Amino acid sequence: MVFQAVGKLLGKHNRIKKKAAAESEKLYLELRYTGARILDADILMLVALPKGLNVDEWLASNASAFYNHVSLMYGSISEFCTISSCPTMKAWSTQIQWTDEKGRKRKCSGPQYADYAASIIQKILTDEDLVPTKQSKEFPKAFRPAIQKTFRLLFHLLGHIYTCHFRTVVNLELHPHLNTLYLHLLLFCAEFHLLDSKEMALSEDLTTAVIHSSPPPRTSGSHSRNT
């Protein structure tokens, strides 16, 4: 099960100690917010590979959908994410640097990182050689690393929203959407091994809180809706 997979990944890092002062600043961990959802279907059903479908096609279509959803969420708070308010790209407890195509790292602001990420993801998803849309073409070996990079960037953007803009999200009453999107993306990444355990450990506290406050999965009669 995907929930157990997430638990095992997080278990490798459960000895990491967190300061009480830092915890108190994490508004997104408050119980009144962690249980908020917009989805009444079992997210595991949305994650599972449909029978008979090529796994790479499933990854590609979901990457595009997740990109659209994360873009909409970031767009809702983008006017509050400026070079002055977010001079560094903070996600969870980490200051994330941008790594260019030549492997060079450099510091950047929150909005700069968002722009760079959008540019790279669009380039990946619209590259016909990398993400073929014709049935006659096979997915190349470079596809999986590119999709992993796509989901890593999306994960970082969600982390920035939670870390630096969650109060704005609450004021806009979008936290149920954000929680649903986060949980869906995380479970999808766990199922298809798109994020390594070190990345997932960055949001261990949120993952634990959201999963523990989730309603039990439905066994029948569920109707899927997009996040």
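Here the structure is a predicted model, which is why all the values come from computation and not from measurement. Here, residue 1 is the first one in the sequence, and each next residue gets the next number.
Checked by atom type and distance alone, the side chain of N179 pairs as donor or acceptor with a backbone atom of Y33 at under 3.5 Å. Side-chain N or O atoms of R37 include one that pairs as donor or acceptor with a backbone N or O of T34 at under 3.5 Å.
Under the 4.5 Å side-chain heavy-atom criterion for ILVMFWY residues, no single connected hydrophobic cluster contains both L29 and L31. Clustering ILVMFWY residues whenever any of their side-chain heavy atoms sit less than 4.5 angstrom apart, transitively, puts Y74 in a cluster other than the one holding I83. In the hydrophobic cluster analysis, where Ile, Leu, Val, Met, Phe, Trp and Tyr join through side-chain heavy atoms closer than 4.5 angstrom, L157 is grouped apart from L72.
Considering only heavy atoms from C-beta on, C81 comes within 4.5 Å of H160 through its side chain. Side-chain contact check for R106 versus D100: every heavy-atom pair is 4.5 Å or farther apart. L194 is listed as a side-chain neighbour of L59, based on a closest heavy-atom distance under 4.5 Å. Proximity of E57 to F139: side-chain heavy atoms (C-beta onward) are separated by under 4.5 Å at one or more points. A 4.5 Å side-chain heavy-atom check between L46 and N62 finds every atom pair outside the cut-off.
In this structure, V47 and F192 approach most closely via the heavy-atom pair O-CE1, 3.4 Å. Closest approach of C86 and P111 over heavy atoms only: O-CD, 3.9 Å. When every heavy atom of N54 is checked against every heavy atom of L49, the shortest pair comes out as O-CD1, 4.2 Å. Of all heavy-atom pairs spanning W92 and T163, the tightest one is N-OG1, 2.6 Å. Between A146 and I124 the shortest heavy-atom distance is O-CD1, 3.6 Å. Here the closest non-hydrogen pair linking Y113 and Q97 is CE1-O, 4.1 Å.
Within 6.0 Å of atom NZ in K90, 12 or fewer heavy atoms from other residues, nucleotides or ligands are found, so the atom counts as exposed in its surroundings. At most 12 non-hydrogen atoms from other residues, nucleotides or ligands lie less than 6.0 angstrom from CD of E101. Within a 6.0 Å radius of NZ in K137, other residues, nucleotides and ligands contribute more than 12 heavy atoms. Around CD of E128, the count of heavy atoms belonging to other residues, nucleotides or ligands within 6.0 Å exceeds 12.
Rounding to the nearest 0.5 angstrom, the gap separating the CE atom in M73 from the CG atom in L178 is 5.0 Å. With rounding to the nearest 0.5 Å, the separation of OG in S85 from CD in E79 is 10.5 Å. To the nearest 0.5 Å, the span separating CZ on F143 from OG1 on T150 amounts to 8.5 Å. Atom CG of L186 is separated from atom CD1 of I211 by 6.5 Å, given to the nearest 0.5 angstrom. Here SG of C108 is found 9.5 Å from CG of D115. Values are rounded to the nearest 0.5 Å. Here the straight-line distance linking atom CG of L202 with atom CD1 of I96 works out to 7.0 Å at 0.5 Å rounding.
Below 30°, between 30° and 60°, or above 60°: for F166 and H175 the angle between ring planes is above 60°, a perpendicular geometry.
Classification of R144 and D56 as a salt-bridged pair holds, one side-chain N sitting under 4.0 Å from a carboxylate O.
With ring centers used as reference points, F66 lies under 6.0 Å from H184.
Judged purely by distance below 3.5 Å, without hydrogens or angles, the side chains of H193 and Q148 never pair a donor atom with an acceptor atom. Side chain to side chain, Y182 and T207 meet the donor-acceptor criterion of an N or O pair below 3.5 Å. Checking Y162 against S203 by side-chain atom types alone, no donor-acceptor pair falls below 3.5 Å.
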Query raised in the report: How far apart are the C-alpha atoms of E199 and H156, what are their side-chain angles, what is the distance that settles it, and do they pass the side chain to side chain contact (heavy atoms under 4.5 Å, CB included) test?
Result: CA-CA 9 Å; E199 288 280 358; H156 290 169; 3.1 Å; yes
Requested in this report: Apply side chain to side chain contact (heavy atoms under 4.5 Å, CB included) to F188 and I43, showing your working.
Outcome: CA-CA 9 Å; F188 189 85; I43 293 183; over 6 Å; no
Query raised in the report: L153 and W98: side chain to side chain contact (heavy atoms under 4.5 Å, CB included), yes or no, with the steps?
Result: CA-CA 10 Å; L153 294 174; W98 179 257; 3.6 Å; yes
